[in-house]
Amino acid sequence: MTHLVTLIPGDGIGPEVTEAARHVLEATGVRLEWAVERAGAEALEREGATLPDRVLDRIRRSRVALKGPITTPVGTGFRSVNVALRHELDLFAAVRPARSLPGVPTRYPNVDLVVIRENTEDLYAGIELERGAPETAELRRHLSALGHEVREDAGITLKPISVSGARRIVRFAFAFARETGRRRITLGHKANIMRFSDGLFLQIALEEAPAHPDVVLEEMQIDQLSMRLTHDPETFDVLLLPNLYGDILSDLCAGLVGGLGLAAGANLGWEYAVFEPVHGSAPDIAGRGLANPIAMIRSGAMLLRHLGEDDAADAVEAAVDDVLRRGEVRTRDLGGTARTDDVARAVTAALRRARR
Ligand code: NAI
Ligand code: MG
C-alpha cells in the first residue's frame, strides 16, 4: 500500500530538515507518495497568501502532512500560518514527547514525559483588538459597565476556553495515556486567577476523571509546575496544558532532554494529522546546513506510527538512538560539527545496519 503524504518544506531551516526526514523515511521501505506544497514566505511571494487554500485542500485529501516550520513575522499583523493551519484543520491536540536520549548528556538522565497541548483555543484563538481600534473602545465600554476599567491605551487579547474544547482535549489525553501505557496526567493551570477559562478547563477535567479510573489526574498551578519540571522532571508522565502554557512548556521540556533540535511533535484532530517538530524556522542558522534534522526525523517516525507502520516507526527511532549513542555524527547544537545531511545519511545507514 502507498501512503499519500503532503510535504510542506516551510521556511528557514524547514527545507533542509524536511529533506533529511524524507530521505530517512524513504529508506524504511514504506511506500510513500509525497505531494509537496509551499506555504509561508515563498507562497506569499508567489501567490500572495501564506496559507493558500490549495495547501489545505491537499492536506484534506492526503489526511496527513509532514511540515517544516513556518516563520511568523513579529507584530506585523500577519496571522501565524501555524495557528491558522491548526484552526482550519481542527488539529486540536498537540502531542510532544520529551524523552532522555542515549548519548545526549543532560542534567536528568531519565525524563520520559509527553506534553499534550490544547491547540485551538485560549490566548491563541486569535481574538485580538488593536489599541485604538473602534472595537476596542466598544469592548472597553462594555467592560466598564460591568465595573472593570480597561485603559484607553490598551491592546486586548481574549482567552476563550470552551466546555467542548476542554472536554475533547481532556478525553484525548486520557485515551492517549491508556493507549501508551501511561498512568498519570498532570494538568497545568492558573485557575485561581483565570477562574472562567483555566477554571473551566480544570472543572471539565475533574468531571471526566472518574470515567478513567486507570489513569490518575493531578492538577498543579502552572508556575509551580514550571519549577517542578526544572527540579524533578523525571517524576512526570503526561502533561495536559491549555494552549499558551503548552507552547511554553513544550520548549522547556525540549530543553530538558537536549534541546529543540531533538523535539518532535504531532498536531492531531479527528480527521487530519500534521507532524512537525517543536522548533521554529531558526533564521539564525538557516540555509547553512547546520540544523539538526533529528526533531523532524522523529516527527516523521510519529507520522509512520500514525499510518500504522509501527515497525518502520520503531526502526527510525532505533536508528536515531543508534546515531546519538555512537556520538560520531552530531550537529553543532549537540556539540558536533556534522551537517544536516550528514545526520540524515548516518540515520539511514543505521537503518540499513539494523536490517542486515
Ligand atoms: P526557533 O525554534 O526557530 O529557534 C530557537 C533557537 O533554537 C535558535 O537559536 C535556533 O537556531 C535553535 N534551533 C531551532 N531548531 C533547531 C534545529 N533543528 N537545529 C539546531 N538548532 C535549532 O525559535 P524562534 O527563533 O523563536 O522562531 C523563529 C521563527 O519560527 C519565528 O518566526 C517563529 O514564529 C517561527 N516558529 C514556527 C513554528 C512552527 O512552524 N511550528 C514553531 C515555533 C516558531
Ligand atoms: Mg512553540
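Atoms within each ligand, like the ligands themselves, are counted from 1 in listed order. Heavy-atom basis, side chains included; hydrogens, waters and symmetry copies ignored.
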Between Val320 and Leu101, is the side chain to side chain contact (heavy atoms under 4.5 Å, CB included) condition met? List the steps. CA-CA 9 Å; Val320 168; Leu101 293 162; 5.7 Å; no

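- For atom 18 (N) of ligand 1, the closest non-hydrogen atom on the protein side is Asn292 O, 2.9 Å.
- Partner Ile8 forms a side chain to side chain contact (heavy atoms under 4.5 Å, CB included) with one of Val81, Ile70, Thr18 and no other, that one being Ile70.
- There is no protein heavy atom less than 4.0 angstrom from atom 24 (P) of ligand 1.
- Scanning both residues, Val150 and Arg140, for their nearest heavy atoms gives O-CD, 2.7 Å.
- Ligand 1 places these atoms under 4.0 Å from at least one heavy atom of Ala291: 19 (N).
- For atom 13 (N) of ligand 1, the nearest protein heavy atom (residue, atom name, distance) is Ala282 CB, 4.1 Å.
- More than 12 non-hydrogen atoms from other residues, nucleotides or ligands lie less than 6.0 angstrom from CZ of Arg60.
- The nearest protein atom to atom 30 (O) of ligand 1, hydrogens excluded, is given as Ser281 N, 3.0 Å; this is a heavy-atom distance.
- Taking every heavy atom of Thr71 and a limit of under 4.0 angstrom, the matching atoms of ligand 1 come to 32 (O).
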Quick one, Glu47 with Arg54, criterion side chain to side chain contact (heavy atoms under 4.5 Å, CB included). Give me CA distance, side-chain angles, the key distance, then yes/no. CA-CA 11 Å; Glu47 302 172 58; Arg54 179 177 37 74; 2.4 Å; yes

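- Counted within 6.0 Å of CG on Asp53, heavy atoms from surrounding residues, nucleotides or ligands total 12 or fewer; the atom is thus considered open.
- A salt bridge (Lys or Arg N to Asp or Glu O under 4.0 Å) with Glu276 is found for one member of Arg96, Arg298, Arg86 and no other, namely Arg86.
- When Asp251, Ile70, Asn82 are checked for heavy-atom proximity to atom 35 (C) of ligand 1, Ile70 turns out nearest.
- Counting only heavy atoms of the protein, atom 2 (O) of ligand 1 lies nearest to Gly280 N, 2.7 Å.
- Listed by number with element, the atoms of ligand 1 under 4.0 angstrom from any heavy atom of Pro69 are 39 (C), 40 (O).
- There is no side-chain donor-acceptor pair under 3.5 Å between Thr6 and Glu37.
- A ring-centre distance under 6.0 Å is found for Phe275 and His306.
- Those atoms of ligand 1 with a heavy atom of Val278 less than 4.0 angstrom away are 42 (C).
- The closest approach between any non-hydrogen atom of Met296 and ligand 1 is not below 4.0 Å.
- Between atom 20 (C) of ligand 1 and the options Ile8, Leu334, Ile285, the minimum heavy-atom separation is to Ile285.
- With ligand atoms numbered from 1 in the order given, ligand 1 contributes 28 (C) to contacts under 4.0 Å with heavy atoms of Pro283.
- For the Mg ion (ligand 2), the N/O/S atoms of Asp251 include none lying under 2.8 Å.
- Of the possible polar contacts, none joining the Asp122 side chain to the Lys159 backbone as a donor-acceptor pair under 3.5 Å is found.
- Nearest-residue assignment for atom 15 (N) of ligand 1 (options His279, Arg332, Glu276, Arg86; heavy-atom criterion): His279.
- Against a heavy-atom cut-off of under 4.0 Å, Leu260 is close to the following atoms of ligand 1: 2 (O), 5 (C), 7 (O).
- Residues Trp34 and Arg22 have side chains in contact (heavy-atom distance under 4.5 Å, counting atoms from C-beta outward).
- The atom of Asp247 nearest to the Mg ion (ligand 2) is OD1, with the search restricted to N, O or S atoms.
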Can you check side chain to side chain contact (heavy atoms under 4.5 Å, CB included) on Tyr272 and Asn267, steps first, answer last? CA-CA 8 Å; Tyr272 312 111; Asn267 299 298; over 6 Å; no

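- Proximity annotation for atom 8 (C) of ligand 1: of Thr72, Ile13, Asp284, Asp284 comes nearest, heavy atoms only.
- Inside a 4.0 Å radius of atom 27 (O) of ligand 1 there is not any protein heavy atom.
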